[in-house]
Amino acid sequence: MLSDSEAKELLSFLRRDMRADIKGQATEYILGLTGNREGCHYLRTKPDFLKALVTLTADPSIAIVKDCYHALVNLSADETLHKPLVKEAAILPTMFHNLLDPEYMFADRVSTILTNLSRHEATCREVFQALQEQEISLAKIVEIFCTEGFNKKASLHYLGPLLSNLTQLPEARQFILDKERCVIQRLLPYTQYEASVTRRGGVVGTLRNCCFDYAHHEWLLSDAVDVLPFLLLPLAGPEELSEEENEGLPVDLQYLPEDKTREEDPDIRKMLIETLLLLTATKKGRQIMKEKNVYPIMREFHKWEKEPQVISACEKLVQVLIGDEPEPGMENLMEVNIPEGMEQKFKDLDAKEQEEIEKEKQELLKEEAEEHLNTTPEVLER
C-alpha cells in the first residue's frame, strides 16, 4: 500500500480544481484499490479519500464521476466500510439529492450504493434517518420507484432491494402498511415485473418483511389489498386443475393458459413461499388461505420444482395448509413460546435439514453435469 507521503500526494490530486487528466489518473488508481479486499480495508483507514470520492461525484468530467461511483459501489459492498462512508464521508445527503434529480445519469449507481449501505440493520437505520433529515419521505422513494420513466437515463430497479432493506425496520414497515396511504397496493404488480429480476425480488422481499407484522395479515388478505393472487400467480403453472379446484381459487388464478410460466428465479420463488408461510401464522390467515384453495397451486408447484431449498419451503407451507389446527392457545404461531431445550432441538433439526438440502443440491448439479456430457455432440473422426 501507499506510504504516508504517497497517500498525501495522491489526495492532493483528488481536488475539484485539479487538472482533469491528473484527477482522472488519481480516481482510476483509487478505483483499482477498491477492486480487492486489501485495498478496501486500506481506504477504510483513509476517510479523506472517501470524502474526496463523494465530492468528485459532482465533477464536470463524466469519466471521473463514473470512476468515483464505480469505486463507491465497490466500497459500499464491504460492510466494514459502511460506517466510514456514512459517518465520516457523509455520503447520504449527496446520494439522496442526486437520486431525486430526474435528469441524473448516475441514479442507478446511487440506488445501488444506498441498497448496499442499508443491507445491515445498523446502517439501514442511518439511511432511514437520513431520509427524514433530508425531508425526503419514504413515500417519495415509493413514488419514484412506481413512476415508470421518472428518470429516462436510469431504470432505478435497485430501489426495489432498497425498499426491502428498509422494511427490516419496524418504522418503515409501519409506513408501507399504513391503511390510509395505499402504498403496498402500488407495489403488488411488481411481483410479476418481467423486465427486471432485481425489481421483482426487491418487492417480494418487501412484502415478506411486511408479513412479519401479523396484526396486518387479515387486512393484507382482505379485498382491500388482496395480496394472495400477487404471491400465488408467479408460483402457478399451466397444469390443468379440476373444475372444483378452479372454482375455489381467486379469479385471477382460475383456468390459467397453457403457456403460463412460473417465476424463473429460485430465490424469489423461495421468498414468495416464505411470505405465504408467514400469512399462515394466524388462525384467520390459515382459514382464508384454505378457503382460497391455495393447496392445489402448491401441490402442482411441488411436482414442478427442482431446487431443494425451495422444495423444503414448499413442504413446510403444505404441511400447514393440510394439517390440523394447533391446540387452543397456540393459534398464533408467531406468539408460541418454545421451551429452551426444544428450541435447541429445532435448531439441530434445521441444521440437519440444511445439510440434506445441500447434499441434494450437489447431487442435482452432478446429474445435470452428467446429462450435459451425455448430450454433447460427438466429434466425427476424419
Side-chain angles (χ1 to χ4, degrees), residues 1-120 122-124 126-127 129-131 133-134 136 151 153-156 158-159 162 165:
M1 286 297 131
L2 300 172
S3 66
D4 287 347
S5 60
E6 287 171 332
K8 190 175 180 181
E9 184 181 21
L10 180 62
L11 186 63
S12 71
F13 299 153
L14 296 168
R15 298 196 321 265
R16 289 282 301 274
D17 58 355
M18 181 56 67
R19 265 175 39 199
D21 58 333
I22 296 174
K23 253 189 305 192
Q25 288 176 7
T27 53
E28 200 175 319
Y29 180 81
I30 296 287
L31 175 57
L33 286 179
T34 67
N36 60 73
R37 187 178 290 274
E38 190 185 354
C40 286
H41 288 188
Y42 170 75
L43 289 169
R44 185 178 64 194
T45 65
K46 303 288 181 186
D48 286 341
F49 282 105
L50 303 179
K51 288 176 191 171
L53 286 174
V54 174
T55 302
L56 288 176
T57 59
D59 196 83
S61 165
I62 289 175
I64 287 170
V65 175
K66 189 176 181 180
D67 278 352
C68 289
Y69 270 117
H70 194 165
L72 290 169
V73 168
N74 291 345
L75 292 166
S76 64
D78 186 329
E79 186 191 348
T80 63
L81 273 133
H82 287 183
K83 194 172 179 182
L85 284 168
V86 170
K87 292 287 191 185
E88 294 167 66
I91 193 173
L92 293 175
T94 301
M95 294 300 105
F96 281 124
H97 173 78
N98 292 339
L99 180 65
L100 293 179
D101 181 355
E103 298 292 323
Y104 197 65
M105 68 185 298
F106 294 102
D108 279 335
R109 299 287 175 95
V110 170
S111 54
T112 303
I113 291 163
L114 290 171
T115 296
N116 286 344
L117 291 174
S118 59
R119 192 172 290 131
H120 301 281
T123 41
C124 180
E126 299 276 357
V127 172
Q129 191 176 332
L131 260 177
E133 286 172 359
Q134 298 296 309
I136 308 161
N151 186 327
K153 298 174 183 176
S155 67
L156 300 177
Y158 270 90
L159 289 184
L162 174 61
N165 292 346

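For the atom pair L156 CG and L159 CG, the distance stands at 5.0 Å (nearest 0.5 Å). Atom-to-atom distance recorded for K51:NZ and L11:CG is 10.0 Å, nearest 0.5 angstrom. With rounding to the nearest 0.5 angstrom, the OG1 atom of T94 is 12.0 Å from the CG atom of L53. Put simply, CD on Q25 and CD1 on I30 are 13.0 Å apart, with the number rounded to the nearest 0.5 Å.
More than 12 heavy-atom neighbours from other residues, nucleotides or ligands sit within 6.0 angstrom of CG on D21. Heavy atoms from other residues, nucleotides or ligands lying under 6.0 Å from NZ of K153 number more than 12. More than 12 heavy atoms of other shown residues, nucleotides or ligands fall within 6.0 angstrom of atom NE2 in H41. E28 CD: 12 or fewer foreign heavy atoms inside a 6.0 Å radius.
The side-chain heavy atoms of T112 and Y69, taken from C-beta on, include no pair separated by under 4.5 Å. A 4.5 Å side-chain heavy-atom check between E126 and H82 finds every atom pair outside the cut-off. Counting heavy atoms from C-beta on, the side chains of L85 and L72 come closer than 4.5 Å. Contact annotation: the side chain of N151 never approaches that of L99 to less than 4.5 Å [non-hydrogen atoms, C-beta and beyond]. In this structure, T27 and V65 have side chains that are not in contact, with every pair of non-hydrogen atoms separated by 4.5 Å or more. Side chains of Y42 and N36 form no contact here, defined as non-hydrogen atoms less than 4.5 Å apart.
The only option from L81, T55, I91 that meets the side chain to side chain contact (heavy atoms under 4.5 Å, CB included) definition with L50 turns out to be L81. Considering D59, D67, D17 in turn, D59 is the only one that fulfils the side chain to side chain donor-acceptor pair (under 3.5 Å) rule with K23.
Side chains of S3 and E6: a donor-acceptor N/O pair is present below 3.5 angstrom, by distance only. Side chains of Y158 and N116: no donor on one and acceptor on the other come within 3.5 Å. A donor atom on one side chain and an acceptor atom on the other are not found under 3.5 Å apart for N165 and H120.
Listed here is the closest heavy atom pair of L14 and A26: CD2-CB, 3.6 Å. Annotation for R44 and P84: closest pair CG-CG, 3.9 Å, computed over non-hydrogen atoms. S118 and L114 make their closest contact through OG-O, 2.9 Å (heavy atoms, listed as atom of the first residue, atom of the second, distance). When all heavy atoms of Y104 and T57 are compared, the closest pair comes out as OH-O, 3.4 Å. The shortest heavy-atom contact between F13 and M18 is O-CG, 3.5 Å. For the residue pair I113 and S76, the shortest heavy atom distance occurs at CA-OG, 3.9 Å.
The backbone N or O of A20 lies less than 3.5 Å from no partner atom in the side chain of S61, so there is not a single donor-acceptor pair.
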- Go through the steps for V73 and T34 under the test side chain to side chain contact (heavy atoms under 4.5 Å, CB included), then give the verdict. CA-CA 9 Å; V73 168; T34 67; over 6 Å; no
- Assess whether side chain to side chain contact (heavy atoms under 4.5 Å, CB included) is satisfied between V110 and F96, documenting all intermediate values. CA-CA 8 Å; V110 170; F96 281 124; over 6 Å; no
- Item | Derivation of the side chain to side chain contact (heavy atoms under 4.5 Å, CB included) call for F106 and I62 | CA-CA 10 Å; F106 294 102; I62 289 175; 3.9 Å; yes
- Task: Output, in order, the C-alpha distance, side-chain angles, deciding distance and verdict of side chain to side chain contact (heavy atoms under 4.5 Å, CB included) for S155 and D108.
- Result: CA-CA 7 Å; S155 67; D108 279 335; 3.5 Å; yes
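Remark: E88 does not engage K83 in a salt bridge, criterion side-chain N to carboxylate O under 4.0 Å. Here K46 does not pair with D48 in a salt bridge; the nearest charged N to carboxylate O distance is not below 4.0 Å.
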